[in-house]
Asker: 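Next up is a structure, given as structure tokens.
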Amino acid sequence: MSTTFNLDTSTSRANPTPQPMRRLTVPAIRDRKQDGVTAEPIVMLTAYTARQAQLLDAHCDMLLVGDSLGQVIYGLPSTIPVTLEMMANHAAAVVRGSYHSVVVVDMPFGSYETSPQDAFDSAAFLLKESGAAAVKLEGGEAMAETVEFLVKRGIPVMGHVGLTPQAVNVLGGYNARGRSDAEAEKIVGDAVALCEAGAFAIVVEGVVEPIAIAATQETDCPIIGIGASAQCDGQVLVTEDMLGMFERVPRFVKRYADIADTIAGAAETYSAEVRSRNFPGEEQTYQPK
């Protein structure tokens, strides 16, 4: 049986131990949609570290190493400055921390747009360095040729249409897309083009709901919604948004926890105990025998 290394938190966070690998595959995700219907919606969340992947893995079908790490991890103003090396390093950590989910890694801005060959070189680097199963790239019909080029050469591709964060400077912000008939038609057409080019799944982000429903109905590959519709074939959120790590999040995010307050509260208690010399106590110190 093939194995992967997974962190064993019952012993030491520093020493990984082998765990049987029964990882989902890209074809298994693609085949979840049969005759235009996905009976069980696909679950995807972002992950950037091994420990985060370990906690999410059992509950997800896919883990996305998103270029959103530029903002979430590095405090950058957008995803534009993210590099291939950053993506590869975080994707490798997520692969090490998981054994069930399909790991998909974002191709950062500037790494795939110039030509299909450049896209292949970047994608091959990401997959070889990280062990991830697939890449994700932004753009609609204009990227169909690149998607087909990659898929024919053995690189599974997830598409991304609608609100595309890497194009924020062209779009003029992060507002919902598809409010005009022309834009709505283009977004659905983009999804269809990517699916026909061989994308195994497509993220549809930040669009008015009828567009997401139309894209889901008119494509054969799964549509993963984010700010889209519950009628999509699956859903994805940025994990830190969902956990309540930030004060401001997009309106389409539902907070399932308030981790920011938990962390701040724990740090406050620790600070008070250190300053009052109540920590470390007898339980946390080594005494002579």
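Start at 1 with the first residue, then count along the sequence.
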Asker: If you define the side chain from C-beta out and look only at heavy atoms, does anything of Glu138 sit under 4.5 Å from Phe109?
Answerer: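 Contact flag for Glu138/Phe109 side chains = no.
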Asker: Out of curiosity, does Val135 fall in the hydrophobic cluster containing Leu24 (side-chain heavy atoms, cut-off under 4.5 Å, transitive links)?
Answerer: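 Linked within one cluster.
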Asker: For the hydrophobic clusters of this structure (ILVMFWY residues joined by side-chain heavy atoms under 4.5 Å, transitively), does one cluster hold both Phe149 and Val147?
Answerer: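 The answer is yes; both residues are in one hydrophobic cluster.
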Asker: Hey, are the side chains of Val72 and Met245 touching, using non-hydrogen atoms and a 4.5 Å cut-off?
Answerer: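 No, their side chains stay 4.5 Å or more apart.
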Asker: Please tabulate, for side-chain N and O atoms in residues 266-275, each donor-acceptor pair with protein atoms closer than 3.5 Å (sequence neighbours left out).
Answerer:
residue: Thr269; atom: OG1; partner: Gly265; partner atom: O; Å: 3.1
residue: Ser271; atom: OG; partner: Arg275; partner atom: NH1; Å: 2.2

Asker: Are there over 12 heavy-atom neighbours, none belonging to Glu282, within less than 6.0 Å of that residue's CD?
Answerer: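 For Glu282, atom CD is not crowded (no more than 12 foreign heavy atoms under 6.0 Å).
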Asker: Look at the side-chain heavy atoms of Ile, Leu, Val, Met, Phe, Trp and Tyr, link any pair under 4.5 Å apart, and say whether Met62 and Val151 land in one connected group.
Answerer: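 Yes.
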Asker: Determine whether a donor-acceptor pair (N or O, by modelled atom type, separation under 3.5 Å) exists between the side chain of Lys33 and the backbone of Thr216.
Answerer: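 Yes; judged by distance alone, with no hydrogens or angles, the pair exists.
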Asker: With side chains defined as the heavy atoms from C-beta onward, is the minimum distance between Arg32 and Glu40 less than 4.5 Å?
Answerer: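 In contact.
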Asker: Any side-chain donor paired with an acceptor under 3.5 Å for Glu240 and Gln52?
Answerer: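 Yes - a donor-acceptor pair under 3.5 Å links their side chains.
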Asker: So does Glu141 have more than 12 non-hydrogen atoms from other groups sitting under 6.0 Å from CD?
Answerer: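 No, not enclosed.
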Asker: I'd like to know if Leu84 and Ile155 are part of one continuous hydrophobic network [Ile/Leu/Val/Met/Phe/Trp/Tyr, side-chain heavy atoms within less than 4.5 Å].
Answerer: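 Yes, Ile155 connects to Leu84 through the hydrophobic network.
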Asker: State whether the side chain of Arg23 and the backbone N or O of Ser101 hold a donor-acceptor pair below 3.5 Å, judged by distance alone.
Answerer: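 It does hold such a pair.
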Asker: Is there a path of hydrophobic side-chain contacts, each under 4.5 Å between heavy atoms of I/L/V/M/F/W/Y residues, joining Val253 to Ile226?
Answerer: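 Yes.
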Asker: May I ask you to test the Asp106-Val65 pair for a side-chain heavy-atom distance under 4.5 Å?
Answerer: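 They are not in contact (no side-chain heavy atoms under 4.5 Å apart), so the answer is no.
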Asker: Among Val94, Val104, Leu237, which residue satisfies the side-chain contact (heavy atoms from CB on, under 4.5 Å) criterion with Leu64?
Answerer: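 It is Val104, the one option of Val94, Val104, Leu237 that forms the side-chain contact (heavy atoms from CB on, under 4.5 Å) with Leu64.
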Asker: Show me the pairs that pass salt bridge (charged side-chain N to carboxylate O under 4.0 Å, His left out) and involve residues 185-197, at least two apart or across chains.
Answerer: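 Passing the test, one end in residues 185-197: Lys186-Asp190.
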Asker: For Val203, is there any backbone N or O sitting under 3.5 Å from a side-chain donor or acceptor partner on His160?
Answerer: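 Here the side-chain-to-backbone pair does not exist.
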Asker: Any side-chain heavy atom of Arg30 sitting closer than 4.5 Å to one from Asp220?
Answerer: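 With C-beta onward as the side chain, the pair touches.
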Asker: Should the heavy atoms of other residues, nucleotides or ligands under 6.0 Å from CD of Gln117 be counted, would the total exceed 12?
Answerer: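 Yes, because the 6.0 Å sphere around CD of Gln117 holds more than 12 heavy atoms from other groups.
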Asker: Just wondering, do Met87 and Leu126 contact through their side chains at under 4.5 Å, heavy atoms?
Answerer: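 Side-chain contact under 4.5 Å: yes.
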